[in-house]
Amino acid sequence: MKQKSISLITIVVLFLVGLFMPFILKQYHLNMLTEIIIFSLYAVSYNLLLGYAGLLSFGHAAFFGLGAFVTAIAIIHIPGISLWNVILIGVAATVVAGLILGGLLLRHKGSYFALLTLAFNALFYAVATKWHSVTGGDDGLSITRPNLALGFTSIPLSSLTTFYYLTLVIMGAAIVYCWYFTNTAMGKTVVLMRENEDRMKFLGYNTNISRLILFTFTGALAGLAGVFYTFHFQFVSISAISPDMTTAILLMVFVGGTKIFWGPILGVFVYVIFQNYLSNVTDRWPLFMGLIFVLMVLYVPGGLSGVIMNIKQRFFGKKNNNGDKTAQAEEVIS
Amino acid sequence: MLEVRDIHSYYGKSHILHGVSLDLKEGEMVCLIGRNGVGKSTTLKSIMGIVKPQQGSIRFHDQELVGLAPYEIARLGVGYVPEDRRIFRSLTVHENLLMGIKGGKKGSAGEGGWTVERVYELFPRLQERCNNKGSHLSGGEQQMLTVVRTLMGNPRLILVDEPTEGLAPLIVKDVLDMLATVRKSGVTVLMVEQNFKAAIKIADRFYIMSKGQIVFSGNQAELLAAEDVRKNYLEV
Amino acid sequence: MKKKFVYGLCFLTMVFMLALPVFAVAAEDTIKIGVTEPLSGTFKDIGERYLDGAEYAAQVINESGGLLGKKVEVIRIDSELKPDVATRKAQSLILRDGVKFFCGGTGSSVGAAMEQLAEKQNVIMFTYGMDAASMTGVKCNKNFFRPGGSTDGRSFALAQLIAKMKYKKVAIIAQDYSFGQEALAAFKKELAKISPNTKIVAELYHPAGTKDYGPYVSQIITAKPDVIFTPNWGNDLTLLLKQGRPMGMKQKVFSYYINDEVTIQALNDDKMMIGNMGAEIYTLSIPTKKNEAFVAKFYKDKGYYPTWLRGKAYIATMFWAEAVKKAGTTDVAAVIKAWEGLSYDGPAGVWTMRACDHQAQVPYWYTEIVAKTKYFKHAFEAPRGMASAKSVEVPCAETGCKMK
Amino acid sequence: MRNYLHIHNIHKDFSGLQVLTGVEFKVQEKERHAVIGPNGAGKTTLFNIISGKFKPSSGAILFKGKDISGKPPHILNRYGLSRSFQITNAFQELSVFNNILAGVRSRYGLRYNFFKKPNQNREICEKVDAIIKEVGLTDVKDQPASSLSYGQQRALEIGITLSTEPELILLDEPTAGMTREETNQAIKMIDQVTAGRTLIIIEHDMEVVFSLASMISVLHYGTILVSDTPEKIRNDQRVKDAYLGEG
Amino acid sequence: MSDIPVFFLHGLAYAGLLFLVSSGLTLIFGMMNVLNFAHAAMYMVGAYLSYTIIMQLTGQFWMALMICPVILFIIGALVERFLLRRVHAQGHLGELLLTFGLAYIITELVKWYWGNYPLAVNVTGFLSGSITIFGFIYPIYRIFVFFSAVLVGGIMALILYKTRLGIILRASVNDSEMTNTLGVNVPLVFMGVFAFGTALSGFAGVIAGPFLSTFPGMAQEILIDAFVVIVVGGFGSLGGAVVAALLIGQLQSFGVLLIPKLSVALIYLLMAAVLIIKPSGLFGEES
């Protein structure tokens with residue numbers, strides 16, 4: 001109970017801090033923060049798949065990009081469409097794609113699953129590139145954000161600040177829900193399946209359906225992030241659906257750490273900021289990216305959040321005779 | 001030739017062997033018996049280096065085995081026949097046999113060692129099926145193949161884990177006959193067996209295990225005499 | 001307790017990260033121009049050559065006392081050839097440093113995104129290398145300028161050349177994306193108009209980055225054309241020639257960027273190149289006094305030649321500087337106004353910025369690849385005349401541009 | 001009397017290798033039925049078929065008159081079957097509480113819910129605690145399964161099996177590898193926790209078998225040698241031969 | 001359509017190249033269950049090395065064909081021994097991420113050392129010529145690409161099915177622990193497999209140089225195609241890779257001729273179709 005109220009307070013405080021950001025930050029930083037919030041949802045959704053369910057997908061950008069493209073296409077082809085309907089259509093499209101792809105690919109596991117998701121991501125990318133009349137192909141599509149209809153009034157979203165608030169509320173709510181989700185029956189089921197799928201079957205769980213539901217759910221969340229990505233840039237290009245976008249999220253989640261819920265969010269912060277600065281400093285940033293990757297796999301497989309947890313444990317931790325591993329696993333589970 | 005002294009082995013966190021010690025002399029056939037889950041297979045795996053004992057020593061011809069990799073132990077002349085007939089399923093019978101030959105030495109055949117020809121001579125059934133895939137063999141044939149595959153490396157000691165498990169009575173006899181043949185050729189045998197009646201006929205000495213420890217050691221007569229031991233650890 | 005700490009740390013990190021750039025040293029008063037090019041990845045070499053031209057222009061301006069008394073400062077932006085990356089970085093520069101001018105030459109997708117951004121943020125974006133006609137056509141806006149060529153102009157110039165040389169059968173092949181399609185469409189349109197007897201015997205589209213041109217080359221050979229027209233560039237041009245020539249594709253190739261020294265070097269076989277022709281807005285061999293002076297000075301300063309990419313970026317940046325000079329201020333609206341209708345007489349002839357679509361009206365210089373030139377050891381271009389700006393002009397009404 | 005569970009002529013072969021060759025026996029409701037037999041006789045394979053892990057090559061399993069052979073495990077579990085494993089098959093990184101919770105909430109239909117938190121349902125939590133108490137793990141309920149002693153792990157295994165409140169329980173060598181003392185405790189515990197339910201048990205330890213079972217079937221080389229009461233089995237010569245070998 | 005045989009030849013040549021690139025990848029995937037993202041980067045190293053050897057040092061194409069695989073063999077062995085083996089305990093995720101990071105590093109190092117320009121690797125003599133088949137001029141090098149693939153495939157099949165080494169390899173895949181107890185140094189075998197797979201990528205790189213071009217994007221371009229070959233052919237199946245490469249080669253060639261509008265998506269459509277009909281790929285074993 002105590003834990004619960006602390007979490008609640010933290011969320012409220014973070015939200016209030018978020019509300020004040022436009023008064024504190026310059027436009028430039030607010031812009032970056034908006035992007036970070038959007039990518040945070042994308043990363044959190046990916047981590048539900050990777051960290052919680054143990055499914056290594058190389059095709060998450062297919063959902064992100066689908067959400068992004070459907071948004072742009074809907075706004076362009078359905079005049080006067082409301083913001084809510086755009087979001088609805090974007091998410092619905094990813095749900096359908098998730099069910100189809102999941103049905104097709106989830107029959108495989110491990111590195112074969114990874115390979116297949118990559119190949120299908122490439123397929124989506126090829127379609128987006130080729131289907132010029134709908135997706136704009138290489139040129140991409142550009143849009144203007146629809147107004148935010150609230151029944152009694154309609155707020156234009158053209159200014160960064162109003163859009164920031166919308167992002168904060170919707171992406172924030174989605175992220176908070178994801179956090180809540182990890183404690184729900186389904187959230188726990190997913191972790192238990194990763195631990196011991198065989199036993200779950202004998203306890204009355206249909207593990208195939210569970211995995212499909214989770215795959216679709218995380219796809220839909222990525223799609224939602226994609227919708228906001230398009231809103232944010234007011235532009236969508238094939239890079240949103242390219243395997244590079246999966247690479248990016250993989251890097252963010254991995255750098256942040258997959259073992260802890262907020263790990264990927266930390267990863268997004270570090271990545272977005274790091275990339276912005278690193279690419280100003282050196283043209284050889286892919287080399288550094290690769291080095292970070294390899295060194296982390298070798299020496300810090302728990303990611304930055306893992307390091308922080310370890311330091312915390314060492315200096316502030318209660319005596320814990322079960323060792324780090326258990327503590328971290330329980331963090332994911334509890 | 002083999003001295004096992006007070007080994008302790010673990011599977012993950014569970015402590016399986018609580019100080020097992022046993023000895024084998026050159027040319028002996030020794031049988032390790034006991035109920036399920038008492039650590040018989042683990043003992044063999046510890047000798048072979050598949051499970052690393054965390055304590056104790058295993059000496060083979062005065063060479064310490066603890067800490068060596070299985071292939072190094074194999075090269076010293078120890079053969080291992082696992083319990084669940086782990087033949088290479090996608091290899092043919094002939095290829096399975098070739099796998100047994102160590103380091104490409106086509107055979108120390110000159111000194112009466114095992115060669116493919118000799119195996120086929122002794123076990124014509126394998127020759128008949130030499131081009132079949134391993135997975136197409138019957139249980140008995142698979143078991144035979146597992147044993148002779150190990151023999152192809154001309155080991156001085158073989159560790160055999162439940163060779164008759166799950167085999168029909170007739171085939172059990174074949175397999176035991178074969179082990180007797182092997183033993184006659186001068187190879188020392190350490191065998192794990194549940195089939196008490198079968199074991200008592202062919203082995204020289206017996207160790208009975210219970211809960212990760214040796215609880216009895218003796219020859220045929222001693223074992224038959226020790227009614228209470230049998231009652232406690234083996235029978236209905 | 002645990003969670004509280006964790007969130008607290010998360011928050012602190014966030015604040016710290018966001019605060020970091022605040023401490024960045026504010027630069028002195030300069031006119032900043034952001035050059036958006038791929039400076040990493042596969043197209044790094046193209047981006048770097050464009051950047052080199054733009055930086056040289058800034059150097060020349062600064063040597064002669066700067067622009068409006070201020071120094072021009074080039075800010076390099078690695079677009080990674082991704083529109084979202086380019087716009088994100090550009091947006092940062094706009095919001096943080098107040099940068100008002102951007103340019104770039106690589107990637108029509110990056111261009112389209114930058115064009116949008118320019119309008120939304122009210123800054124100026126100009127391009128010297130993104131040639132898709134639609135950028136100053138249906139997609140045009142007042143904040144976007146093209147002091148450079150377009151697919152329309154190039155295709156018109158080459159169609160006129162082919163008509164003039166009286167070829168009767170042409171095979172055309174292009175990359176299957178908007179740039180390639182626009183290029184072929186314009187070529188066919190012009191050819192049908194000026195030389196109705198010339199037949200298109202093969203029309204092929206291939207994915208950008210095709211590895212095996214065999215199947216395409218075979219279709220070209222079967223069609224038995226007199227010449228081949230292609231807007232392909234980079235590796236797509238190299239491979240077409242490299243794989244096509246040994247298969248008996250002997251025809252002259254008319255291409256947009258035939259004078260790319262890197263393509264010629266990548267082939268490393270002059271025979272495959274000699275005789276091919278192209279049309280460019282700037283080439284090293286333009287036989288004018290102004291160009292000769294420019295080339296000589298550049299060579300003296302840098303130790304190498306200002307080949308096409310460098311030259312185009314240089315001239316376009318100089319043109320922009322003229323507009324700023326004319327406006328007398330860096331105010332965006334004033335510069336837009338000043339640039340409209342402005343002419344610049346540079347190394348590549350007179351360029352005039354048309355007000356209706358912000359497309360510069362420029363002459364196209366024909367070149368042919370010959371075995372020996374004074375510039376390189378390998379085969380390189382020789383001048384073969386010029387198509388005047390007037391002759392390739394697309395009337396304002398036909399561009400599809402509706403400038404607000 | 002209607003047969004509660006009827007294993008009818010089950011055959012199973014693995015790529016040509018015959019493991020079960022016509023297994024036939026019946027279990028009545030509330031019966032405690034032990035399946036014994038020498039190693040390799042096919043006991044675990046039989047278990048895997050009854051619990052849905054494998055499909056039989058032929059034959060039928062009638063549970064309350066309905067053929068359930070070849071149904072996936074999660075469906076069988078919902079019919080009221082639950083099995084334990086020979087090697088402890090728990091969620092090693094999770095606490096004892098969460099291990100048991102997994103089954104209990106499945107019983108309560110809280111499997112895929114996106115909104116409800118299972119550990120905030122009082123009824124479920126009480127049920128979990130009750131099961132933990134039954135198997136005697138209350139003291140260690142917050143410890144991860146991997147840190148338990150061997151005996152405790154086996155108890156947890158039974159606890160997980162019970163957690164879906166099955167009416168038919170299949171126990172695969174519940175006391176394998178336990179010390180004598182642990183075994184005696186386990187017998188007592190199993191006796192208590194399965195009271196009023198139907199039980200099928202595979203066991204080597206004859207003490208366990210005779211103290212728990214009301215019926216015994218002897219599986220030998222893939223068929224049932226004999227199926228009878230413990231007294232009769234104890235004196236059956238065929239059974240003695242099967243156990244001591246006949247080579 | 002008198003030119004159909006020529007299109008068939010094009011299909012063969014491209015299939016040859018695809019097989020050369022994917023054979024090493026399949027080998028490593030099939031034997032070690034490691035999806036090697038760095039494979040294409042190694043292929044790039046092979047191509048750039050061959051530039052140095054052919055254009056700068058010796059002028060001998062054959063020399064590059066012999067030396068490059070050896071150098072890559074050594075690189076592969078080092079990578080396996082000092083990097084891959086250390087993350088093996090982390091499971092697939094660790095291995096995938098490691099090779100993924102390596103791909104970044106290697107690609108960037110290559111660009112750093114050799115520059116960001118496309119480089120020309122030319123063959124001279126016999127291989128640079130053309131012959132006339134079916135009334136068409138056809139470059140000998142394309143035929144050479146196909147026959148190198150046949151040769152590599154043949155040698156691999158010979159090793160796998162006719163030598164003791166092959167028996168050991170197949171046995172290690174079946175049951176590495178058992179193989180170990182029979183006296184085979186299994187870790188060394190896996191190191192060898194990885195090194196050999198890497199050497200194959202280097203060989204492919206040398207062959208690809210004069211056919212395609214040696215340029216900074218070459219790794220990226222080929223990787224997905226090679227992955228599709230594996231997916232279509234089936235999990236780690238060498239025979240599957242042969243068939244898949246031939247299928248995709250012909251599909252590309254005739255696809256361009258018959259349905260040009262779809263040519264870019266054809267191989268993905270093939271992949272999707274195969275996955276729907278047979279999820280484990282054409283020659284993959286059911287999992």
Side-chain angles (χ1 to χ4, degrees), chain C residues 38-49 81 173 175-177 202-223 234-250 260-272 378, chain E residues 1-7 9-15 17-18 51 55 107-108 111 115-122 128-130 132 136-142 145 208 210-222 225 249-250 252-258 260-261 263-265:
Chain C
L39 299 175
S40 61
T42 307
F43 296 100
K44 185 176 160 74
D45 74 298
I46 291 178
E48 281 178 341
R49 281 183 284 164
L81 214 59
I173 177 168
Q175 295 158 322
D176 194 4
Y177 67 102
E203 180 177 350
L204 302 167
Y205 295 91
H206 64 82
T210 291
K211 289 177 279 297
D212 184 7
Y213 282 82
Y216 300 100
V217 170
S218 285
Q219 292 186 60
I220 293 175
I221 291 172
T222 311
N235 212 36
D236 283 326
L237 179 58
T238 311
L239 281 184
L240 178 65
L241 289 164
K242 183 171 175 173
Q243 298 182 357
R245 291 293 192 227
M247 289 172 65
M249 190 184 83
K250 300 283 183 225
D260 176 13
E261 71 276 14
V262 171
T263 301
I264 298 170
Q265 283 158 13
L267 278 167
N268 196 28
D269 186 350
D270 291 350
K271 288 198 300 297
M272 291 180 179
H378 55 73
Chain E
M1 282 271 179
S2 63
D3 48 358
I4 281 177
V6 175
F7 281 87
L9 283 182
H10 290 323
L12 286 185
Y14 192 60
L17 184 77
L18 272 182
Y51 169 82
M55 308 304 284
T107 315
E108 203 56 33
K111 287 188 218 165
N116 229 289
Y117 294 87
L119 297 175
V121 179
N122 295 56
S128 63
S130 295
T132 309
F136 288 89
I137 299 169
Y138 206 78
I140 292 170
Y141 195 78
R142 281 174 174 261
V145 171
F211 182 22
L212 307 181
S213 80
T214 307
F215 79 109
M218 66 185 297
Q220 240 176 336
E221 250 180 19
I222 206 88
D225 282 20
Q250 296 304 342
Q252 286 279 28
S253 181
F254 285 98
V256 165
L257 180 65
L258 305 174
K261 288 247 173 268
S263 65
V264 70

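For chain C, the nearby part of E/Met55 is the side chain; its heavy atoms alone come within less than 4.5 Å. Looking at C/Leu267, the atoms closer than 4.5 Å to chain E (heavy atoms on both sides) all sit in the backbone: N, CA, C or O.
Here the closest heavy-atom approach between residue E/Ser130 and residue C/Pro246 is recorded as OG-O, 2.7 Å. Listed here is the closest heavy atom pair of E/Tyr14 and C/Lys211: OH-CE, 3.0 Å.
Salt bridge absent: E/Lys111 and C/Asp45 never bring a charged side-chain N and a carboxylate O closer than 4.0 Å.
When each of C/Tyr216, C/Tyr213, C/Tyr205 is scored by its heavy-atom pairs under 4.5 Å with chain E, the top score falls to C/Tyr216. Between chain E and the residues C/Asp176, C/Thr210, C/Asn268, C/Leu239, the most heavy-atom pairs under 4.5 angstrom are made by C/Asn268. Ranking E/Ser128, E/Ser253, E/Gly255 against chain C, the residue ahead of the rest is E/Ser253, based on heavy-atom pairs under 4.5 Å. By number of non-hydrogen pairs under 4.5 angstrom with chain C, the leading residue of E/Pro216, E/Gly217, E/Pro139 is E/Pro139.
Considering CD1 of C/Ile221 and CD1 of E/Ile137, their distance stands at 7.0 Å, rounded to 0.5 Å. Taking NZ of C/Lys44 as the start and OH of E/Tyr117 as the end, the distance is 9.5 Å to the nearest 0.5 Å. Distance check, rounded to the nearest 0.5 Å: NZ of C/Lys242 to CG of E/Leu212 gives 7.5 Å. If you take CG on C/Asp212 and CZ on E/Phe211, they are separated by 4.5 Å, rounding to the nearest 0.5 Å. Atom NE2 of E/His10 sits about 3.5 Å away from atom CE of C/Met247, to the nearest 0.5 Å. Here the straight-line distance linking atom OG of E/Ser213 with atom CG of C/Asp236 works out to 9.5 Å at 0.5 Å rounding.
In this structure the side chain of E/Phe7 reaches within 4.5 angstrom of the side chain of C/Ser218, judged on heavy atoms.
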